[in-house]
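Single-structure report; data block below.
Read the numbers this way: they start at 1 and go in the same order the structure lists the ligands and their atoms. Since the model is a prediction, treat every value here as computed from it, not as a measurement.
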Amino acid sequence: MENLINIAERFDITDKITDVKPMGEGLINDTYKVFVDGCDKPKYVLQRINNAVFQDVDMLMDNIDKVTSHLRKKGKKTLRFYPAKSNNKYYFEEISPLPSVSRNDGKKDDGKYWRLMDIVPDSITYQTINPHYSYLAGKSFGEFEYLLSDLKEPIGEIIPDFHNIEFRLQQLRDAVAEDRAGRVLEVRYYLDEIFKREEKMTLGERLYREGKLPKRICHCDTKVNNMLFDKDGNVLCIIDLDTVMPSFVFSDYGDFLRTAANTGLEDAPNLDDIDFNMEIYEAFTKGYLESTKDFLLPVEKENLPYATLLFPYMQTVRFLADYINGDTYYKIKYPTHNLVRTKAQWRLFERAEIKLIP
Ligand code: GN1
Ligand code: MG
């Protein structure tokens, strides 16, 4: 970890760094906890930004700066980043001494982008939660969107079409047409099931084109583990702000339930572990509607059950496309990991579909 200590030392902090260790379960960035002299708990989070996914790092950190400043002005606890000594920006680029190599998608990967932020003290993360915490999470998420609803500065679309299901289905079609890893045959069943529901699941994009559904500033990655709770279950702070961008409110509502109402893990190999927990769903919805009732449009409220189905559906599409493409996007721990994730998300979709659609 010697090299990582050197990296962390390049930020504008006065502590003496003693150790850097891997942290968290993120599927995109590499995350580490940073220990300093005189403190037995880690004090900072060091992250290498995946710039194949977040290609415009300036826009990324600029979005986060605008959002965190706005939340801080309103008295909310939020992430705090440290400037790099070399450029006074909230990140620096480490230029690789080796000649740049072309990755298998043809993009060059020659820079490593690093950033450093505070660890929120006495915070707890969960993979699954109880109904009361779910209610509190619903309130906080609604409030998060509400607090950002008067942000005047523009927030860039950091990953274009990120939660556009029509675009995700097209990516899946392209992956199938190319069949780069020779995996299409074994996933035929899932492809058929997905495309059978295409019309129904692309409703949001149609409403948007008709001018009926707005985009608002959303978090767009509201997994349960992107929320820090205190010991009483109150949401202390919402983390992982990389994907904050204009989207339908369905994103935040639906993606939270995708993880929170799942009785199993996102990648549970045993599908019997997976069910859609209605108590979590109802508690979250109650909290969410309490804090959004004054600004959500009827079309947004009425379509929350659609949003609940959309996210397991979209995540199935994304994991499956990555599996078919030979695992170029999500980090995997074993060769069939994206297939296991696909099956687990699909089971969740089916369970939610049965329970939500009479
Ligand atoms: C990714 O890196 P992480 O785990 O916070 C992904 C989300 C997916 C999620 C699936 C930029 O988030 O969209 O829902 O994995 N983030 C990006 O667990 O693609
Ligand atoms: Mg995350």
Side-chain angles (χ1 to χ4, degrees), residues 22-32 45-57 59-61 63-64 67 79 105 107 113 115 117 125-128 141 155-165 167-169 171-172 175 218-228 237-248 250-262 264-269 274 307-323 325 327-333 337-349 352:
M23 173 183 188
E25 293 286 320
L27 304 189
I28 306 290
N29 296 323
D30 297 331
T31 309
Y32 304 89
V45 177
L46 177 69
Q47 256 184 338
R48 180 186 168 187
I49 301 166
N50 180 332
N51 66 301
V53 170
F54 301 107
Q55 294 186 9
D56 186 341
V57 182
M59 182 204 272
L60 175 77
M61 295 312 292
N63 279 352
I64 294 178
V67 166
L79 299 179
D105 59 3
K107 289 182 203 116
Y113 293 83
R115 66 184 173 196
M117 67 195 108
T125 50
Y126 297 96
Q127 297 292 343
T128 48
F141 258 115
I155 296 295
E157 195 174 342
I158 187 69
I159 303 177
D161 291 312
F162 188 51
H163 280 170
N164 177 342
I165 187 59
F167 172 75
R168 295 299 181 185
L169 286 165
Q171 285 186 317
L172 180 59
C218 294
H219 180 282
C220 293
D221 191 16
T222 55
K223 301 202 288 197
V224 182
N225 62 12
N226 279 336
M227 233 165 272
L228 303 181
C237 175
I238 290 166
I239 60 169
D240 202 348
L241 300 174
D242 294 333
T243 51
V244 168
M245 69 182 115
S247 191
F248 309 139
F250 301 160
S251 292
D252 291 350
Y253 176 86
D255 218 20
F256 181 85
L257 286 170
R258 180 180 72 80
T259 48
N262 186 351
L265 292 176
E266 180 175 85
D267 58 354
I274 297 168
T308 313
L309 293 181
L310 179 61
F311 280 82
Y313 182 82
M314 185 158 1
Q315 200 59 60
T316 309
V317 171
R318 293 177 64 194
F319 283 147
L320 182 55
D322 199 33
Y323 181 67
N325 282 333
D327 314 306
T328 59
Y329 188 87
Y330 292 108
K331 289 184 201 170
I332 52 167
K333 292 189 177 148
H337 204 165
N338 274 319
L339 180 61
V340 168
R341 288 170 174 150
T342 300
K343 293 180 179 176
Q345 287 297 292
W346 190 253
R347 172 58 66 88
L348 179 69
F349 172 82

Item checked: Residue that, paired with Asp267, satisfies side-chain hydrogen bond (donor to acceptor under 3.5 Å, both in side chains) out of Lys343, His337, Arg341 ->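 The side-chain hydrogen bond (donor to acceptor under 3.5 Å, both in side chains) with Asp267 is passed solely by His337 among Lys343, His337, Arg341.
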Next item on the list: Could you tell me whether some N/O pair between Leu27 and ligand 1 is separated by less than 3.5 angstrom?
Entry: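 Min N/O separation from ligand 1 is below 3.5 Å for Leu27.
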Checklist line | Under 3.5 Å: N/O of Arg318 near N/O of ligand 1 | finding: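 Right, the criterion is met.
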Check: Heavy atoms only: which of Met314, Gln345, Glu266 is nearest to atom 18 (O) of ligand 1?
Finding: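 Comparing heavy atoms across Met314, Gln345, Glu266, the nearest one to atom 18 (O) of ligand 1 lies in Glu266.
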Next item on the list: Measure from atom 5 (O) of ligand 1 to every heavy atom in Asp322, Asp221, Asn225 and give the option owning the shortest one.
Entry: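 Checking each option, the heavy atom nearest atom 5 (O) of ligand 1 is found in Asp221.
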Note to self: Here's a test for you: under ring pair (Phe, Tyr, Trp, His ring centres under 6.0 Å), which of Tyr253, Phe311, Phe248 qualifies with His163?
What the structure shows: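 The residue from Tyr253, Phe311, Phe248 that satisfies ring pair (Phe, Tyr, Trp, His ring centres under 6.0 Å) with His163 turns out to be Phe311.
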Note to self: Test of understanding: given a 4.0 Å heavy-atom threshold, classify the contact between Asp242 and ligand 1 as side chain, backbone, both, or neither.
What the structure shows: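 Neither; no heavy atom under 4.0 Å.
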Notebook entry, point to check: Taking non-hydrogen atoms only, is Asn29 closer than 4.0 angstrom to ligand 1 via side chain, backbone, both or neither?
Noted result: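 Within the 4.0 Å criterion, Asn29 makes no contact with ligand 1.
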Taking 4.0 angstrom as the limit and counting only heavy atoms of [X], give me the atoms of ligand 1 inside it, by number and element.
{"X": "Tyr329", "answer": "11 (C), 17 (C), 19 (O)"}
{"X": "Gln315", "answer": "8 (C), 10 (C), 14 (O)"}
{"X": "Phe54", "answer": "11 (C)"}
{"X": "Arg258", "answer": "10 (C), 14 (O), 18 (O)"}
{"X": "Asp240", "answer": "5 (O)"}
{"X": "Tyr330", "answer": "15 (O)"}

Note to self: Would Phe162 count as a contact residue for ligand 1, given that I'm defining contact as a non-hydrogen atom of the residue lying under 4.0 Å from a ligand atom?
What the structure shows: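 Judged by the 4.0 Å heavy-atom criterion, Phe162 does count as contacting ligand 1.
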